[in-house]
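Counting starts at 1 for both ligands and their atoms, following the listed order.
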Amino acid sequence: MTDVIDPGAIGRRKLLQVSGFAAAAAACSNLVPTRGGQKELQDSARRSEPTASFAADVDISLRASAKQVGILPGNPTACWAFDGDVLHGDANTLEMPAPSTYLGPTIRVKRGQKVRIRFTSGIPEPSIVHWHGLHVPAEMDGHPRYAISQGQTFTYEFEIRNRPGTYWYHAHPDRVTGAQVYRGLAGLFIVNDAEEDALALPRGAFDVPLVVQDRLFDGDNQLLYSNRGMQLMTGMLGNRILVNGRPDFALRVSTRAYRVRLLNGSNSRIYKLAFRDGTPLVVIGTDGGLLERPVSRPSLLLGPAERVELWVDFSERSVGSRADLVSLPFDYPGTPAMGMGPGAAQGAPPNGSAFNLVRFEIDRKEPEPLRLPDRLLDERPFGLPDAADAEHPRDFPLFMNRMRWTIAGRTFQMTEAAPNERIRLGSVAAVRFRNESGGMGMMMRMAHPMHIHGGQFRVVDRRGPTVDGLLDLGWKDTVLVMPDQQVTLVMPFQDYEGLFLYHCHNLEHEDQGMMRNFLVGA
Ligand code: C2O
Ligand code: CU
Ligand code: CU
């Protein structure tokens with residue numbers, strides 16, 4: 001007996017149970033007598049229409065709908081996917097990441113641009129789109145309280161204020177984010193600007209964004225999904241690696257340098273990136289864009305929602321050879337027990353298992369005009385002294401309580417923020433996440449990729465057991481907190497008031513309530 005279900009066909013019944021709950025929660029969210037409840041109702045009504053005074057540089061329509069996608073040989077896979085059109089502005093704003101994929105179009109914008117995105121939901125449960133890593137007003141951030149139903153439209157309008165970098169967007173409704181993202185509702189959101197353009201980095205065909213995800217398929221090529229039983233604890237794990245939505249991903253490259261942008265778009269799988277032949281990884285950027293200078297690492301752990309940008313130089317390789325980017329095996333607590341879960345029965349290896357990710361096939365010789373710059377983007381130093389509460393970071397222990405993952409023992413309430421979740425607008429907050437899995441037995445020891453909405457932070461301290469492959473450099477919006485580790489970060493909360501989520505980006509942990517609000521206010 002297994003509770004792994006097929007969201008495409010036979011499992012629809014089970015999915016709908018969860019969905020009905022979410023629908024009820026979303027419907028109620030407009031009615032609960034919380035602070036600002038009435039205002040929200042009016043605001044969300046207004047948001048179906050564009051604002052006349054907002055002069056959009058790019059105006060996009062984005063739709064979520066059911067789609068049959070050819071992924072594996074044989075039958076197509078029932079997915080939910082975004083597709084989009086540019087209504088006004090640069091037609092190159094949208095680009096499909098692969099010819100046949102469930103991923104949404106890659107959105108490419110420039111810093112300073114005003115963007116309007118009209119999201120229309122064509123799926124039979126509440127949904128909303130979140131712009132992961134972007135610094136946008138709270139009402140434009142895709143909070144689950146703004147979820148819309150099938151046939152409705154939510155119009156986003158915001159200015160791009162982020163540093164150039166690799167961001168992404170995905171569905172974010174209450175309790176069913178994991179299921180919706182798993183079915184395909186995600187895409188990349190890439191920002192650049194003139195300063196970055198002035199650096200001689202590979203561009204065009206030499207700038208390659210890659211979304212790495214794992215999925216579990218049944219014998220009929222349909223996606224299997226569960227957020228209960230063992231998956232409640234571990235999150236959903238798959239047995240097939242898809243890159244940009246494609247299996248057995250290979251890329252033909254020339255003897256040149258490439259900018260490879262990697263997003264771990266998996267629900268709960270962590271990868272330990274490395275080249276099979278031991279070639280070091282040259283890191284030029286993380287979640288919030290370029291580093292000050294490149295750094296070299298033998299391998300890198302990439303948790304769900306994290307991004308890393310690599311400078312990959314094939315100039316010394318010979319035509320006809322190949323370079324394999326893999327995920328190395330790593331120690332992960334609880335692995336033996338997890339290996340017996342229902343996912344494993346279906347063939348999903350536990351976290352920490354080895355995988356092939358991308359095969360680069362060097363197929364032609366081309367002269368390389370570029371050299372790796374020693375300096376990338378300069379930054380004012382920013383750290384703990386900048387935080388108002390540097391001496392006493394807000395403390396959030398992460399542990400399981402009554403068979404649910406929690407943040408400080410609390411779970412998600414749509415519009416609630418506790419006293420230590422209130423942040424003064426314009427301040428820099430120090431936040432400490434403590435993974436308290438210790439002593440609770442193997443089953444309770446899990447990594448938590450902790451994510452904060454509304455912008456980017458710096459990791460200033462990490463304590464506890466040393467784990468190979470972690471990289472705490474640059475601006476981040478998601479940080480992997482390994483079992484028994486404590487991570488302190490500092491984050492500016494500027495420009496925008498309101499509710500900004502923070503949560504575990506293991507999407508099954510998030511959906512069971514390992515998510516809370518920060519309330520940013522005067
Ligand atoms: Cu990538 Cu709250 O999400
Ligand atoms: Cu986010
Ligand atoms: Cu978690």
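Figure legend: cation-pi geometry between Arg183 and Tyr225 absent, as NZ or CZ is not positioned both under 6.0 Å from the six-membered ring centre and within 45° of its axis.
Aromatic rings of His505 and His170 (six-membered ring for Trp) have centroids within the 6.0 Å cut-off, being under it. Trp168 has its ring centre no less than 6.0 Å from the ring centre of Phe189.
Under 2.8 Å from atom 2 (Cu) of ligand 1 lies no N/O/S atom of His451, from backbone or side chain alike. Among the atoms of His172, no N, O or S atom falls under 2.8 Å of the Cu ion (ligand 2). For residue His505, no N/O/S atom approaches the Cu ion (ligand 3) to within less than 2.8 Å.
When the N, O or S atoms of His130 are ranked by distance to the Cu ion (ligand 2), NE2 comes first.
A side chain to side chain contact (heavy atoms under 4.5 Å, CB included) with Gln213 is found for exactly one of Leu103, Val243, Asn264, namely Leu103.
Atom CZ of residue Arg246 and atom CG of residue Leu210 lie 14.0 Å apart, to the nearest 0.5 angstrom.
Rounded to 10°, the angle formed at the Cu ion (ligand 3) by His448 ND1 and His509 ND1 is 110°. Rounding to 10°, one obtains 110° for the angle at atom 2 (Cu) of ligand 1 between NE2 (His453) and NE2 (His503).
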